[in-house]
Amino acid sequence: MTSSLIRGRPRRARAHISARVLHALLGALVGVAWLVLPGTASGGAVAGGPHRPVAGALGQREDRGTHTADLVLPMIAVAAAGVLASYGFWRRRRRTTGRTTAGGAPVTTGEPPDEELDERARTALVHADDWVRVSHEELAFAEARFEEAGAPEELEDARRALREAGTELAAAFRIHWQYEHGVPEEAASRRHALAGIVGRCEEAGRLLDVRAAALDTLRGLEEAPGGGLGAALAVAEGRFRGLTARTGGADAALAELAERHAPTASAPAVGNVEQAKDRLVFATTRLNLARQAADAGDVGRAASRLRAAEGAIAQAGVLIDGVERLREDLAAAAGLVPAALTGAEAEIAGARQALDGRPSAHPDITPGELRARTGHADVVLAGVRQELASGRPYDPLGLLRRIVRAVAPVAAGRAGVLPAAAALCVRAAVAGADDVVATHRAVVGCGARTRLAEARRRAGTDNLDDLVAAGELAEEARNLADQDLRLHGHPPEPTPDRTAAFLGGLLPHPPSYGGPRTSDRRREVDEPR
């Protein structure tokens with residue numbers, strides 16, 4: 001785009017320069033004509049005057065000399081030429097600096113404004129994130145087909161490209177997170193940062209595009225039903241049957257969690273089973289249509305419908321896995337709460353010793369601030385003990401988060417259980433937010449994805465403060481994703497399976513491994529049914 005703009009500038013400049021030269025020449029010609037006109041008119045009178053002698057006419061002209069009025073019109077013509085040239089220069093200058101549209105909005109001919117670049121970077125991040133997610137989905141089906149026979153080289157190449165694309169995407173999200181928080185500060189550097197985000201997203205897409213054709217050949221979806229297409233259909237139908245059987249268990253698990261714990265404990269997975277069933281209904285339809293197309297010999301359409309079914313099956317798997325993972329996390333958190341309380345009490349005792357004059361692990365905190373933090377942690381721990389002693393159902397992950405966040409500001413590493421408790425809370429929060437993005441990617445915007453990426457980056461550390469920050473970012477990402485869902489999650493025809501397809505990004509084309517050039521290479525050619 002930039003090169004085309006640069007190439008266009010000289011042509012526009014030459015056009016305006018030519019117009020000014022033309023104006024000047026025209027004015028000069030008019031001036032010369034007016035200068036010559038008086039002599040021509042006089043010569044015509046001498047030669048053609050029938051009533052005046054030639055000698056008398058010459059003598060009369062010599063006596064009169066050059067009259068001042070004869071120079072007025074030529075001077076006006078020269079002035080007009082100068083005005084025309086100045087007007088052309090002024091118009092050129094105005095177009096260079098900018099102009100306004102009919103609505104009064106400024107229109108520049110140079111680089112786009114920062115707001116446009118920011119929106120371009122946000123869009124690139126969303127698209128690249130979708131490419132990586134969808135590529136993971138299709139690659140999983142390809143791996144399932146060759147699970148027993150061993151992974152061929154093409155499959156390993158696709159894995160490597162996906163890892164490299166994920167690295168580029170993570171770097172782009174990191175740059176955008178820093179950009180949102182004012183880093184860098186200089187205007188030119190901020191524009192370069194936005195350009196870097198777009199460039200890394202494009203590189204992620206390019207890496208996936210390079211391996212897309214090889215993966216297509218490996219899967220053989222364009223082959224006869226008895227070949228690659230038949231094997232892929234068998235894998236998808238097997239996963240479909242497995243998920244259908246697991247939905248009953250997931251439903252029972254949610255009911256058990258609701259009975260055993262407080263409502264907030266199972267809230268992250270409420271609705272997962274219903275959404276999974278909707279996607280399985282969509283997958284059933286597409287699998288049946290794929291079989292029909294394959295039997296009719298329409299292999300291309302069968303492959304397209306199969307990919308749509310695979311995407312729905314993958315998302316149903318995410319939703320069912322989310323219920324089972326939440327049950328495991330709540331059980332682990334319930335077992336960790338007593339140990340976390342003991343570790344928190346040890347941290348508070350160490351902070352009080354520092355207030356009594358012993359060496360402090362927080363030399364940068366004033367005694368007054370440390371005393372306030374210690375008092376707040378005491379209040380939180382007292383509330384946790386009271387809730388545990390009440391005998392009422394409670395939220396184990398919620399209690400664990402409260403303990404960790406209250407004690408982290410005074411912790412000095414005396415209790416190793418606190419980082420473990422924080423890591424469990426962060427893992428649950430990141431996974432829950434990621435599930436929402438994965439299953440509603442058509443409506444989740446850049447804000448939620450950027451915070452999720454930053455939370456995932458900070459979650460890979462043992463530092464307690466970073467873990468606490470990662471958990472808060474994951475919760476913020478989940479809240480933003482839910483907000484996007486409330487604002488935009490309304491398909492034009494809200495039937496259950498169509499709603500699932502719309503929110504999951506399964507329409508208007510099925511997902512496939514690849515970037516911008518190949519991700520929609522299997523576009524569905526008929527209307528979804």
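Position 1 is the first residue of the sequence, and the numbers go up from there.
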Inset, instruction - Run the numbers on Arg160 and Leu207 for side-chain contact (heavy atoms from CB on, under 4.5 Å), then give the verdict. - result: CA-CA 9 Å; Arg160 187 183 305 108; Leu207 290 167; over 6 Å; no
Legend entry - salt bridge (charged side-chain N to carboxylate O under 4.0 Å, His left out) pairs, two or more places apart, involving residues 163-174: Glu156-Arg163, Glu168-Arg200, Arg174-Glu454
Legend entry - Over all atoms of both residues, closest heavy-atom pair of Arg373 and Val410: CB-CG1, 3.4 Å
Legend entry - CA sep, side-chain torsions, deciding dist, call: Gln292, Asp295, side-chain contact (heavy atoms from CB on, under 4.5 Å): CA-CA 5 Å; Gln292 294 172 11; Asp295 293 340; 5.7 Å; no
Legend entry - Minimum-distance pair of heavy atoms, taken over all atoms of Asp395 and Thr264: OD2-OG1, 3.1 Å
Inset, instruction - Identify whether the distance between the nearest side-chain nitrogen and carboxylate oxygen of Arg286 and Glu310 falls below 4.0 Å. - result: no
Inset, instruction - Could you tell me whether Glu154 and Arg211 have a side-chain N and a carboxylate O separated by less than 4.0 Å? - result: no
Legend entry - Heavy-atom neighbours of Arg325 CZ exceed 12 at 6.0 Å: yes
Legend entry - Approximate separation, where rounding is to 0.5 Å, of Leu215 CG and Arg159 CZ: 11.0 Å
Legend entry - Under 3.5 Å: donor-acceptor pair, side chain of Arg219, backbone of Gly228: no
Legend entry - Non-hydrogen atoms of Ser519 and Gly514 that approach each other most closely: CB-O, 3.9 Å
Inset, instruction - Report the residues that fulfil salt bridge (charged side-chain N to carboxylate O under 4.0 Å, His left out) with Glu476, sequence neighbours left out, ordered by chain and then residue number. - result: Arg451
Legend entry - Value rounded to 0.5 Å, distance of CG in Leu208 from OG in Ser135: 4.5 Å
Inset, instruction - Might you point out which heavy atoms bring Ser266 and Ala258 nearest each other, and give the distance in Å? - result: OG-CA, 4.2 Å
Inset, instruction - Could you pull out the closest heavy-atom pair between Leu467 and Pro419, with the gap in Å? - result: CD1-O, 3.7 Å
Show me, pair by pair, the donor-acceptor contacts under 3.5 angstrom made by side chains of residues 312-322, not counting sequence neighbours?
| from | atom 1 | to | atom 2 | distance (Å) |
| --- | --- | --- | --- | --- |
| Gln315 | OE1 | Arg279 | NE | 2.9 |
| Gln315 | NE2 | Gly504 | O | 2.7 |
| Asp321 | OD1 | Arg246 | NH2 | 2.5 |

Inset, instruction - For the pair Gln275 and His440, evaluate side-chain hydrogen bond (donor to acceptor under 3.5 Å, both in side chains) and give the outcome as yes or no after the intermediate values. - result: CA-CA 11 Å; Gln275 294 179 46; His440 301 87; 3.1 Å; yes
Inset, instruction - Kindly check if the number of other-residue, nucleotide or ligand heavy atoms within 6.0 Å of CG (Asn479) is above 12? - result: yes
Inset, instruction - Could you please spell out the steps behind the side-chain contact (heavy atoms from CB on, under 4.5 Å) verdict for Glu387 and Arg402? - result: CA-CA 12 Å; Glu387 190 166 346; Arg402 287 164 59 185; 2.9 Å; yes
Legend entry - Heavy-atom closest contact (Ala212 atom, Thr518 atom, distance): CB-OG1, 3.4 Å
Legend entry - Aromatic Phe141 / basic Arg239 pairing, under 6.0 angstrom, 45° off normal: yes
Legend entry - side-chain contact (heavy atoms from CB on, under 4.5 Å) evaluation trace for Leu397 with Leu424: CA-CA 8 Å; Leu397 278 171; Leu424 175 59; 4.3 Å; yes
Inset, instruction - Would you check if the side chain of His176 reaches a backbone N or O of Ala172 as a donor-acceptor pair within less than 3.5 Å? - result: no
